Amino acid sequence: MMEKDGNSSSQTDPLLSSRHRLNGVLTDFDWNQSVLATVIARTKAVSPNRLEDKELDPNCIPLASVSFSQTTSLFSTNEFKVADINCLYRIGRIEVVGNTFTFIPAEYPDGEAPSAFSQLQPRYSRLTSDELKLCAIKEGMIFEESVSTDVYAEVASLSYLNALGVEVPGLTPMMYPSDLYERRSSAVSLAKQFHNYCDFELHVIGPEGARLEAKSEIIRIHGQPKEVPTNWYKTESPEAVEMANVQNQTNAQIEGADSSAEHLGDRSIAKMRAAAVAGKVETHAITPHMKWANSNPNDMADITDERVKIIERWTGL
């Protein structure tokens, strides 16, 4: 779980006590590791009928937009869309009666409970009254009082499309590898080369009429990669690499024929084109795999200068 900074309620949030749930400041972050994100939204309790009146499913709030807003140590910002989270599911309600806090689980038909409910409902059900008090919404300008609170959440494995167009698990790249700065095609300030952290937060916007727009607390990552993480250029399969090499060879043969024909006159061009059509040889549209393989067909892990340019354009960092 990736959520929340260490300077507000997350310090005492009992759901963040597990060592498996990371928040606040993350050190030595591994950009090749998979990331399971947990998004929890707590709102003042409302009657399910009010949501139904707005033609919303009381157990599932669809999200119009989910994105990461990232800021580096040099205050440059980037926005990354998150396609893996598109709904927040009702987990239950924290009922407040006087000084007593009780968790009431949401109800789902048999076999239809989402994974977020299955994972988080037992955790909330085990919390004591005092722990639930830490999770409840508080109201009041001067004297704050806890109010009954609806809890919604989603749990999702994050993924992104890498430089070769392959979907890979993990957090979308937010920091540029330090070893590549001197090889970049565009000029980069010396200060930018040594920014050693980035901050990001999750921005959630609900459907029209739901009045849901919220940002998570900030997570700070200390983990600028030295070399290019292998997930950033992981191939789809050995077969995909072999196909890319074959397609590059076919294109090179056709281009070579065209080049030779330029010196032999129009009749030779027509003959070569006719031979290509007869043999059903066609120029292949360039794919990311083909671009990457063409730089060094024998070693897909070799970060050549051409591949540095591909990474630079792909990350946009």
Side-chain angles (χ1 to χ4, degrees), residues 1-5 8-10 13 15-16 21-23 34-71 77-94 103-109 111-121 123-124 135-137 147-161 167-174 198-219 221 316:
M1 169 169 153
M2 307 195 73
E3 52 173 289
K4 308 199 173 181
D5 196 356
S8 66
S9 61
S10 64
D13 191 326
L15 289 186
L16 294 181
R21 291 184 168 90
L22 306 176
N23 66 292
S34 59
V35 174
L36 186 68
T38 300
V39 180
I40 299 175
R42 297 187 285 255
T43 68
K44 183 178 179 180
V46 298
S47 169
N49 293 334
R50 289 183 58 184
L51 295 174
E52 292 173 346
D53 289 343
K54 296 181 180 295
E55 298 184 347
L56 296 173
D57 184 343
N59 281 339
C60 174
I61 298 180
L63 299 176
S65 175
V66 182
S67 61
F68 283 127
S69 178
Q70 173 250 355
T71 306
T77 58
N78 294 288
E79 196 81 9
F80 304 95
K81 294 295 182 182
V82 181
D84 308 283
I85 300 172
N86 50 44
C87 184
L88 292 179
Y89 296 96
R90 181 185 292 272
I91 307 302
R93 173 172 295 181
I94 300 172
F103 182 71
I104 303 173
E107 295 183 356
Y108 288 89
E112 296 185 15
S115 61
F117 176 82
S118 302
Q119 293 184 45
L120 295 175
Q121 179 271 325
R123 292 295 309 275
Y124 274 105
C135 301
I137 295 291
V147 297
S148 293
T149 302
D150 286 334
V151 180
Y152 292 85
E154 173 62 309
V155 178
S157 295
L158 299 183
S159 62
Y160 60 93
L161 295 180
E167 184 175 359
V168 293
L171 185 65
T172 187
M174 295 184 182
C198 68
D199 294 337
F200 74 94
E201 59 188 357
L202 190 70
H203 188 194
V204 174
I205 300 177
E208 185 176 355
R211 296 183 179 180
L212 172 61
E213 182 171 357
K215 290 185 178 182
S216 71
E217 296 175 15
I218 292 174
I219 298 174
I221 291 180

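All of these numbers come straight from a predicted model, not from anything done at the bench.
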Quiz item: Is there a donor-acceptor contact under 3.5 Å from the side chain of D84 to the main chain of S159?
Solution: yes

Quiz item: What residues, two or more places apart in sequence or in another chain, satisfy ring pair (Phe, Tyr, Trp, His ring centres under 6.0 Å) together with F103?
Solution: Y124

Exercise. Quick one: pull up SG in C198 and CD1 in I219 and give me the separation to the nearest 0.5 Å.
Key: 10.0 Å

Exercise. Enter the distance from K215:NZ to H203:NE2 here, rounded to the nearest 0.5 Å.
Key: 5.5 Å

Exercise. Measure the OG-CG distance between S65 and N86 for me, rounded to the nearest 0.5 Å.
Key: 11.5 Å

Quiz prompt | Minimum heavy-atom distance E201-I218, with the two atoms named | solution = OE1-CG1, 3.8 Å

Self-check item: Close side-chain approach of V151 to I94, heavy-atom, < 4.5 Å
Solution: yes

Quiz prompt | Least distance between heavy atoms, S157 atom then L36 atom | solution = OG-CD1, 3.5 Å

Self-check item: Validation row, ring centre Y108 to ring centre F117 under 6.0 Å
Solution: yes

Quiz item: Any donor-acceptor pair under 3.5 Å linking the side chain of S216 with the backbone of L202?
Solution: yes

Quiz item: Looking at D150 and R90, does any basic side-chain N land under 4.0 Å from a carboxylate oxygen?
Solution: yes

Self-check item: Which atom of V66 lies closest to which atom of I85, heavy atoms considered
Solution: CG2-O, 3.3 Å

Quiz item: Any side-chain heavy atom of I205 sitting closer than 4.5 Å to one from L63?
Solution: no

Quiz item: Minimum heavy-atom separation for A153 to A116, with atom names?
Solution: O-CB, 3.7 Å

Quiz item: Listed by chain and number, what are the salt bridge (charged side-chain N to carboxylate O under 4.0 Å, His left out) partners of K81, not counting sequence neighbours?
Solution: none

Exercise. Evaluate the side-chain proximity of C135 to R42: yes if any heavy-atom separation is below 4.5 Å, no if none is.
Key: yes

Practice problem: Show the numbers, then the answer: is there a side-chain contact (heavy atoms from CB on, under 4.5 Å) between I221 and L171? | Solution: CA-CA 11 Å; I221 291 180; L171 185 65; 3.5 Å; yes

Practice problem: Under the side-chain contact (heavy atoms from CB on, under 4.5 Å) rule, what do T149 and T43 come out as? Steps first, then yes or no, please. | Solution: CA-CA 6 Å; T149 302; T43 68; 5.9 Å; no

Quiz item: What distance do T38 atom OG1 and E154 atom CD have between them, rounded to the nearest 0.5 Å?
Solution: 9.0 Å

Quiz item: Is the backbone of S148 close enough, under 3.5 Å, to the side chain of R93 for a donor and an acceptor to pair up by distance?
Solution: no

Self-check item: Where at least one partner belongs to residues 42-68, residue pairs that pass ring pair (Phe, Tyr, Trp, His ring centres under 6.0 Å), sequence neighbours excluded
Solution: F68-F200

Quiz item: Do any N or O atoms from the side chain of T172 and from the backbone of Y160 form a donor-acceptor pair under 3.5 angstrom?
Solution: no

Practice problem: Side-chain contact test, heavy atoms from C-beta onward, threshold under 4.5 Å: evaluate it for Y89 versus N59 and give yes or no. | Solution: no

Quiz item: Which atom pair, heavy atoms only, marks the closest approach of S34 to P169?
Solution: CB-CB, 4.2 Å

Quiz prompt | Point-to-point distance, once rounded to the nearest 0.5 Å, from CZ of R123 to CD1 of I91 | solution = 12.5 Å

